[in-house]
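Here the structure comes first, spelled out in structure tokens, and everything after it is commentary.
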Amino acid sequence: ASMKSIHALTLWVAAVGIGGVLSGCQPFRNFTTYYNLFYNMERIMDEVQDELLYIREQKTPEPSYVIPYDDQSLTGLRVFNHLDRRTMNPEETRANKIKLDSILLKGSKLLVRSAKSDYVPDAIYYIGKAYFYERDWYLSQKKCEELINNYPQSYWYPDAHLLLAMNQMQQGNLEAAEPTISKCIDVAWGRKRADVLSEAFRLNADLYVGTGDFQKALKPYQRAMLLSTDGEELARWQYEIGLLHFRNAEFEQALTEFNKVDDYSPDLLTEFQTGLQRAVTLRTLGRYPEAKQQLDDLRDEDNYEPWFALVELERLNLAADQPGGEELSDSTIKVIDSLAKGKNFATYGVYERG
């Protein structure tokens with residue numbers, strides 16, 4: 001071939017190459033735009049959740065204090081411990097509203113610019129999660145349903161079922177939440193999402209406690225313990241199993257379960273509330289000397305000082321339960337509440353005396 005034809009061929013190849021690069025620029029820019037939008041949604045959500053966790057850890061935790069027949073005697077009372085832990089309270093929502101609104105805005109931009117981007121299901125899930133934290137259960141539910149119905153291959157498919165169930169429970173629709181949790185367990189198991197599976201079991205237990213079906217609530221707790229290897233988490237689960245039996249008035253079995261908590265690695269709060277609930281259980285069974293010894297042990301531990309008011313309250317309840325026992329006078333109430341300002345722990349005692 002002549003030099004002229006070779007030069008012409010070279011120019012043609014170069015032109016084709018440049019044209020290919022130019023034609024690929026737009027999809028590349030689109031990809032970058034979608035990625036940046038989702039990346040910022042993810043980053044802001046991580047900030048919100050990390051900050052929320054940090055603030056909660058700085059607060060003195062509130063131990064549970066359950067008295068005999070407490071939940072059964074209050075008509076309509078629902079105990080959703082895990083659901084409450086996963087949800088922001090109104091004050092927390094207000095503190096994070098600017099960031100949550102930013103996630104909603106970025107997600108909406110991503111959905112408007114392209115309905116075919118690979119990041120669409122991610123955006124839908126994060127929008128649903130932001131609505132959940134903003135306590136807009138209905139809009140969050142609709143986003144979960146959108147993801148479940150249209151993107152079954154998405155990574156967030158199991159998470160969307162979990163979030164949908166939490167929204168249904170928040171709206172009081174326990175009848176719909178039950179099959180949703182069941183489907184969530186199946187999906188999470190099939191996709192080897194142990195994190196979602198553990199959450200679903202705990203939420204399932206919440207559901208059955210909320211409907212008063214204590215026997216059904218036991219199985220999810222037990223299944224979750226089989227999946228966990230964390231000592232602190234196992235101790236919390238074991239405590240909740242004991243509490244479940246206590247709420248069902250199975251006091252001997254409750255005591256047996258509370259005594260197993262120390263077999264794991266309870267954190268300070270779990271350790272204290274297990275000891276306190278053990279004392280309440282012993283009192284309920286009429287084993288007063290053992291209940292007193294348990295309370296003395298709690299009072300002797302300096303690490304439990306933030307919660308001494310509850311120990312003193314239970315000590316008064318113990319005394320009042322015995323023949324010729326001491327009544328909970330107004331002056332005593334003031335002393336107890338002065339130990340933990342703003343907590344009004346003594347109202348527990350007033351309620352129980354009633």
Side-chain angles (χ1 to χ4, degrees), residues 45-46 49 52-53 78-88 121-122 124-133 135 137-244 247 264 270:
M45 183 63 80
D46 286 343
Q49 293 179 150
L52 179 67
L53 185 62
R78 288 173 175 164
V79 182
F80 293 146
N81 291 328
H82 188 59
L83 183 60
D84 289 342
R85 282 192 288 267
R86 289 296 306 269
T87 308
M88 285 187 184
D122 307 80
I124 292 172
Y125 176 70
Y126 273 80
I127 290 172
K129 199 171 185 182
Y131 278 133
F132 177 76
Y133 283 142
R135 303 176 66 82
W137 322 125
Y138 178 74
L139 287 181
S140 180
Q141 174 182 325
K142 301 311 289 183
K143 284 300 172 186
C144 292
E145 290 171 344
E146 182 180 346
L147 191 150
I148 290 168
N149 292 334
N150 298 308
Y151 301 97
Q153 300 308 314
S154 168
Y155 172 82
W156 303 111
Y157 190 66
D159 306 76
H161 282 85
L162 184 70
L163 191 58
L164 174 59
M166 290 194 288
N167 282 303
Q168 290 167 333
M169 289 175 68
Q170 290 287 10
Q171 294 174 89
N173 193 353
L174 304 188
E175 190 174 324
E178 186 171 0
T180 301
I181 295 174
S182 180
K183 180 69 181 297
C184 179
I185 290 171
D186 291 342
V187 170
W189 185 271
R191 300 198 182 187
K192 296 181 171 58
R193 288 289 303 279
D195 55 334
V196 176
L197 195 59
S198 178
E199 292 279 307
F201 283 146
R202 180 163 284 194
L203 196 65
N204 205 19
D206 254 14
L207 176 71
Y208 289 132
V209 170
T211 57
D213 197 332
F214 295 102
Q215 291 306 317
K216 278 189 178 179
L218 271 176
K219 186 174 287 186
Y221 281 117
Q222 293 163 341
R223 292 172 73 182
M225 288 190 73
L226 291 174
L227 291 173
S228 180
T229 57
D230 182 88
E232 286 190 4
E233 186 178 66
L234 284 165
R236 286 192 291 270
W237 281 93
Q238 184 60 50
Y239 165 75
E240 290 183 20
I241 287 176
L243 203 56
L244 197 60
R247 285 182 166 128
Y264 304 104
T270 304

Do [X] and [Y] have side chains that get closer than 4.5 Å, going by heavy atoms?
X: Y264; Y: M225; answer: yes
X: L203; Y: M166; answer: yes
X: W137; Y: T87; answer: yes
X: E199; Y: H82; answer: yes
X: I127; Y: E146; answer: no
X: W237; Y: D230; answer: no
X: Y133; Y: M45; answer: yes
X: F214; Y: Y208; answer: no

Problem - Pairwise side chain to side chain donor-acceptor pair (under 3.5 Å) hits with a residue in residues 157-167, at least two apart - result: S140-N167, D159-R193

Practice task
Under the side-chain contact (heavy atoms from CB on, under 4.5 Å) rule, collect the residues that match up with R223, sequence neighbours excluded.
Solution key: I185, F201, K219

Practice task
Indicate, with yes or no, if the rings of Y151 and W156 have centres closer together than 6.0 Å.
Solution key: no

Problem - Shortest non-hydrogen separation from S154 to R191 and the atoms involved - result: O-NH1, 3.0 Å

Completion exercise
Nearest heavy-atom contact between A177 and Q168 is CA-OE1, 3.2 Å

With no hydrogens and no angle check, is any side-chain donor or acceptor of [X] less than 3.5 Å from a backbone partner on [Y]?
X: R135; Y: M88; result: yes
X: T180; Y: A176; result: yes
X: D206; Y: L83; result: yes

Practice task
Starting from the C-alpha separation in whole Å, work towards a yes-or-no answer on side-chain contact (heavy atoms from CB on, under 4.5 Å) for L207 and M169.
Solution key: CA-CA 8 Å; L207 176 71; M169 289 175 68; 4.2 Å; yes

